[in-house]
Amino acid sequence: MGQPDTRPRQPLCLLWAIPYLLCAAFSHLFNDPVSHASFVWLPSGVAVGAYLLTARRHWPMLMAGLFCAQLILSFLWRGQAATALVFAITAALSSLLAAWTVQRLTPREGDVSFVAALLGGGWLWLAHEAHALLRLRNWVSSYLAGVLIMTPALLGLAHFRPRRSGGPRARDLALGAVAYALLIGATFITFDGDMIRNLPYVVTFELTYLPLVFAVLVALVWGPLGGSLAVVTLAFMVLYQSGQGEGPFVAPDNPWQALLATQAYLAITALLILLVNTLRSARAQSLERAEQWRGRFELALAGSHQLMYRYNPQDGSLELAGDVQAALGAPADAMRDLDALLARAHPDDRSRLSLHWAARRAGTQDMTPLLFRLAHGAGGWRLISDKGSPLADFDGSVAVVAGMWRLGEMEPGTGDVR
């Protein structure tokens with residue numbers, strides 16, 4: 001009979017209600033000055049990020065905390081208990097389902113956020129509020145934009161680990177700082193009403209692409225955390241300026257169109273940076289895995305007292321892998337071609353070694369090991385057993401010669417080639 005789970009439930013997950021309330025206050029502070037609707041609902045991103053960073057067994061407690069926070073907000077801003085309750089239930093369920101979808105399912109177009117917006121919009125319709133369809137579209141956009149902006153930022157911050165070594169170079173730090181400063185300057189110029197007031201509409205609209213260029217550059221140089229920082233900075237500046245009734249998307253005669261344009265701009269920016277971060281992370285992970293396998297392979301070569309070689313007959317280059325310095329007392333590039341290899345060979349072995357490699361370049365398949373000696377950098381001769389073979393190309397010619405050198409004992413002598 002299984003033992004009951006006696007692990008204490010972690011009340012710390014309830015602390016997510018604090019950033020949820022702060023982001024809600026920020027989103028509400030910079031509502032559209034005409035329609036009084038939210039440009040971006042940042043708490044949705046906080047809630048989804050909180051679920052993704054919390055163990056699933058604590059989700060019920062987290063859901064209760066976020067539900068209470070949203071209930072308080074909805075009651076303070078709307079004043080009707082029934083409406084506040086519906087909004088709190090919808091927000092709690094939509095964030096929970098969104099997080100579950102991210103973890104378990106492939107996101108599809110119009111995911112669970114659309115369901116949440118549909119429920120909220122339906123309630124507004126039943127409550128006979130004006131512009132119900134427009135509010136529905138606004139809720140969809142603001143919810144999605146909040147998730148795209150805040151969730152990657154929270155996940156990137158939570159998974160960030162400072163490195164003692166191997167971090168970004170000073171040049172990359174400086175370049176990223178310059179790009180970040182240009183992002184702030186370009187965003188301020190583009191969305192500041194005083195600076196763009198006298199410019200043609202076409203020019204002001206084209207200027208909106210400039211912050212995107214610098215945001216992508218920050219993401220490329222500083223990585224996913226830098227990309228998230230760029231998106232959050234851009235979003236906060238755009239929300240602040242748009243909340244003041246400024247920016248290229250402001251249209252006094254059609255506030256809802258300006259609202260949706262701002263939401264679409266921020267959502268597209270977040271998606272663009274997510275794509276850049278995904279591609280960069282995939283490349284970094286591939287390089288890290290390749291480096292790990294390289295380290296394992298070199299350890300295996302060192303443990304088995306072997307070296308690996310690869311000879312290219314097209315350019316005559318010879319590559320050695322393994323601890324060449326310890327084996328031969330010389331760096332790997334000291335034998336970059338066959339002439340350098342023959343120069344380090346024992347005088348009594350050079351003729352046999354030369355014939356051996358001539359046969360390999362001709363495509364002869366002979367797996368018989370060849371014993372020869374190479375000069376050690378510290379003096380003496382290293383006995384080596386060479387076992388390899390040529391590999392044919394599609395036309396039958398030799399594409400590469402590859403094999404292994406098994407390291408033998410050292411023989412005394414005057415084999416110094418320094």
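- We find the CG-CG distance between Leu71 and Leu66 to be 12.5 Å, quoted to the nearest 0.5 Å.
- Separation of atoms CG (Leu239) and CZ (Phe26) is listed at 5.5 Å; rounding is to 0.5 Å.
- Without hydrogens or angle criteria, Trp59 side chain to Tyr51 main chain gives a donor-acceptor distance under 3.5 Å.
- Take Tyr265 and apply the ring-ring contact (aromatic ring centres under 6.0 Å, His included) test, not counting sequence neighbours, and it matches Phe191, Phe249.
- Within the 4.5 Å cutoff, side-chain heavy atoms of Trp222 are placed close to those of Leu173.
- In this structure, NE2 on His376 lies 9.0 Å from CZ on Arg344, to the nearest 0.5 angstrom.
- Legend: residues meeting side-chain hydrogen bond (donor to acceptor under 3.5 Å, both in side chains) with Ser397, ordered by chain and number and at least two apart, are Asp395.
- Using a distance-only test at 3.5 Å, with no hydrogens or angles considered, no donor-acceptor pair links the side chain of Ser95 to the main chain of Val48.
- Every residue two or more places apart in sequence or in another chain was checked for a salt bridge (charged side-chain N to carboxylate O under 4.0 Å, His left out) with Arg382, and none qualifies.
- Residues satisfying the side-chain contact (heavy atoms from CB on, under 4.5 Å) criterion with Leu175, sequence neighbours excluded, are Val221.
- Residues forming a side-chain contact (heavy atoms from CB on, under 4.5 Å) with Glu319 (at least two apart in sequence, or on another chain): Arg310.
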Contacts table for residues 227-237: side-chain donor-acceptor under 3.5 angstrom, sequence neighbours left out:
from   : atom 1 : to     : atom 2 : distance (Å)
Ser228 : OG     : Pro224 : O      : 3.1
Thr233 : OG1    : Tyr180 : OH     : 2.7
Thr233 : OG1    : Leu229 : O      : 2.8

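- With sequence neighbours excluded, no residue forms a side-chain hydrogen bond (donor to acceptor under 3.5 Å, both in side chains) with Ser385.
- Using a 4.5 Å heavy-atom cutoff, the side chains of Leu14 and Met61 are in contact.
- Among residues two or more places apart in sequence or in another chain, the salt bridge (charged side-chain N to carboxylate O under 4.0 Å, His left out) test is passed with Asp386 by Arg360.
- Here the closest non-hydrogen pair linking Val46 and Cys23 is CG2-SG, 3.6 Å.
- Applying the side-chain contact (heavy atoms from CB on, under 4.5 Å) criterion to Ala55, with sequence neighbours excluded, gives Arg57, His58.
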- Message: Run Arg373 and Leu383 through side chain to side chain contact (heavy atoms under 4.5 Å, CB included) and show every step you take.
- Response: CA-CA 5 Å; Arg373 291 161 289 182; Leu383 181 63; 4.0 Å; yes

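- Here the side chains of Ile384 and Leu307 are not in contact, with every heavy-atom distance at 4.5 Å or above.
- Summarising the local packing, OH of Tyr240 is surrounded by 12 or fewer heavy atoms from other residues, nucleotides or ligands at distances under 6.0 Å.
- A 4.5 Å side-chain heavy-atom check between Leu183 and Leu217 finds every atom pair outside the cut-off.
- Within the 4.5 Å cutoff, the side chain of Val216 has heavy atoms near those of the Ile273 side chain.
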- Message: Gln314 vs Val400, test: side chain to side chain contact (heavy atoms under 4.5 Å, CB included). Steps then yes/no.
- Response: CA-CA 9 Å; Gln314 273 66 37; Val400 67; over 6 Å; no

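- In this structure, His28 and Leu73 have side chains that are not in contact, with every pair of non-hydrogen atoms separated by 4.5 Å or more.
- Considering every non-hydrogen atom in both Pro390 and Val398, the closest pair reads CB-CG1, 3.9 Å.
- Of all non-hydrogen atoms in Ala17 and Gly65, the two that sit nearest each other are CB-O, 4.2 Å.
- In this structure, the separation between CD1 on Ile89 and CD on Gln70 is 11.5 Å, given to the nearest 0.5 Å.
- Shown here are the side-chain hydrogen bond (donor to acceptor under 3.5 Å, both in side chains) partners of Tyr311, two or more places apart in sequence or in another chain: there are none.
- To the nearest 0.5 Å, atoms CE (Met335) and CG (Leu328) are separated by 4.5 Å.
- Atoms CG and CG, from Asp172 and Leu220 in turn, are 11.0 Å apart once rounded to the nearest 0.5 Å.
- The two residues Gly388 and Tyr309 come nearest to each other via the heavy atoms CA-OH, 3.5 Å.
- Contacts of Leu353 classified as side-chain contact (heavy atoms from CB on, under 4.5 Å), with partners at least two apart in sequence or in another chain: Leu341, Leu342, Ala345, Trp357, Leu370, Phe372.
- Applying the side-chain hydrogen bond (donor to acceptor under 3.5 Å, both in side chains) test to Asp333 and every residue at least two apart in sequence or in another chain returns nothing.
- Val218 and Gly226 get closest at one heavy-atom pair: CG1-O, 3.4 Å.
- Shown here for Met63 and Ala92, the closest heavy-atom pair between the two residues is CE-CB, 4.1 Å.
- Within the 4.5 Å cutoff, the side chain of Ser94 has no heavy atoms near those of the Ser44 side chain.
- Side-chain contact check for Trp41 versus Ile149: every heavy-atom pair is 4.5 Å or farther apart.
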